[in-house]
Amino acid sequence: MVRRFLKMHGLGNDFVVLDARRDPLPLTPAVARAIADRRTGVGCDQLVLLEPPRHPAADLFMRILNPDGSESGACGNATRCVASLVADGSGRAEVTVETVTGLLRCRLRADGSVTVDMGPARLDWTQIPLAAAHDTLHVPAGAGPLQDACCVGMGNPHAVFFVDDAEAVDLPSLGPVLEHHPLFPQRCNIEVAQVLAPDHIRMRVWERGAGITRACGSGSCATLVAAARRGLTGRAAWIELDGGRLWIEWHGDGHVLMTGPVATAFTGELSEALLPGSLAAEPPLPEPPLPETVPA
Ligand SMILES: N[C@H](CCC[C@H](N)C(=O)O)C(=O)O
């Protein structure tokens, strides 16, 4: 069986998108790793699987896998891409994407960019999660010059470190150490942020399960929330990433809105060698819990 895919990206954070809404695809971590391999597979920062919705208010269910095979509860850049894909197919401007961590309401804008309500910023240590009780505004997780993290959950964990010069940080060395810090039982995405103005932050990211990427949507949301909580910016700002900029707003109801571009690079077909069943037998991903309630 041939399996088509779409290669999409948000500011260079790139994805292989597989549409399993009609033909189920029992994805396994091994298959995700094979497809994400930039030499022997298609190559991507995340594998994005579209499935039928479980919640009546959703248009589809989106699963997100990192190149190491781990699953994430959020991917802001991929959410924009998927919303754009579904809207193109339906001619609608409003799309609701369901993930394991909740419903994400998306709006297509006239210029082709997408605004996603990424849901509420989670600020309690149990919602990051951390391995022990801490004030998430100042978490004692550190490595080298990066100390005093501000942690924010966006459906996935983030630790934001404010620095004077983001370009000077040795992120390839410090990123993996911090990703696996004992205070992060589910590992963590690591952001280094340099505040340039009350509405402008330069941010570089080491992503959990992926390494350095050109952009991180959920990380940009976490960075803005952390900066506002620390009194370093207002509640809305441009986040300047390696791949471009995202506009982030932290609203009074706690929800974080992210606006940015989407792009499709190409389409293709996966060879049998990359499909489930052809790789070391592994149990498919665990079925996500059914939604209890629509998040506030
Ligand atoms: N590596 C992340 C998932 C991708 C997030 C990022 N690509 C985004 O745009 O939010 C994690 O394991 O939580």
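Note that ligands are numbered from 1 as they come in the structure, with each ligand's atoms numbered from 1 the same way.
- Looking only at heavy atoms of the protein, atom 2 (C) of ligand 1 is closest to N189 OD1, 3.3 Å.
- With E240 as the fixed residue, the salt bridge (Lys or Arg N to Asp or Glu O under 4.0 Å) test singles out one of R214, R245, R204: R245.
- In the displayed structure, D164 atom CG is contacted under 6.0 Å by at most 12 heavy atoms of other residues, nucleotides or ligands.
- A search for salt bridge (Lys or Arg N to Asp or Glu O under 4.0 Å) contacts involving D148 returns R230, not counting sequence neighbours.
- Of the heavy atoms in M154, none comes closer than 4.0 Å to ligand 1.
- In this structure, CG in L18 is found 13.0 Å from CZ in R63, a value given to the nearest 0.5 Å.
- Listed here is the closest heavy atom pair of P29 and G69: CB-O, 3.6 Å.
- Under the 4.5 Å side-chain criterion, counting only non-hydrogen atoms from C-beta, L123 is in contact with V152.
- With ligand atoms numbered from 1 in the order given, ligand 1 contributes 3 (C), 4 (C), 5 (C) to contacts under 4.0 Å with heavy atoms of A74.
- When non-hydrogen atoms are compared, ligand 1 lies under 4.0 Å from neither the backbone nor the side chain of A210.
- Taking 4.0 Å as the cut-off between side-chain N and carboxylate O, D19 and R21 count as a salt-bridged pair.
- Taking a cut-off of under 4.0 Å to the non-hydrogen atoms of N66, the atoms of ligand 1 that pass are 1 (N), 2 (C), 3 (C), 11 (C), 12 (O).
- If you check which protein heavy atom lies closest to atom 9 (O) of ligand 1, you get G217 N, 2.8 Å.
- Using a 4.0 Å heavy-atom cutoff, I64 is absent from the residues neighbouring ligand 1.
- For atom 10 (O) of ligand 1, the nearest non-hydrogen atom of the protein is S218 OG, 2.6 Å.
- Backbone and side-chain nitrogen or oxygen atoms of G76 are examined, and one is located within less than 3.5 angstrom of a nitrogen or oxygen of ligand 1.
- Near N13, with a cut-off below 4.0 Å to any heavy atom, the atoms of ligand 1 are 6 (C), 7 (N), 9 (O).
- Using a 4.0 Å cutoff on heavy atoms, G209 does not count as a contact of ligand 1.
- The protein heavy-atom contact nearest to atom 5 (C) of ligand 1 is E207 OE1, 3.5 Å.
- With sequence neighbours left out, the salt bridge (Lys or Arg N to Asp or Glu O under 4.0 Å) criterion links E269 to no other residue.
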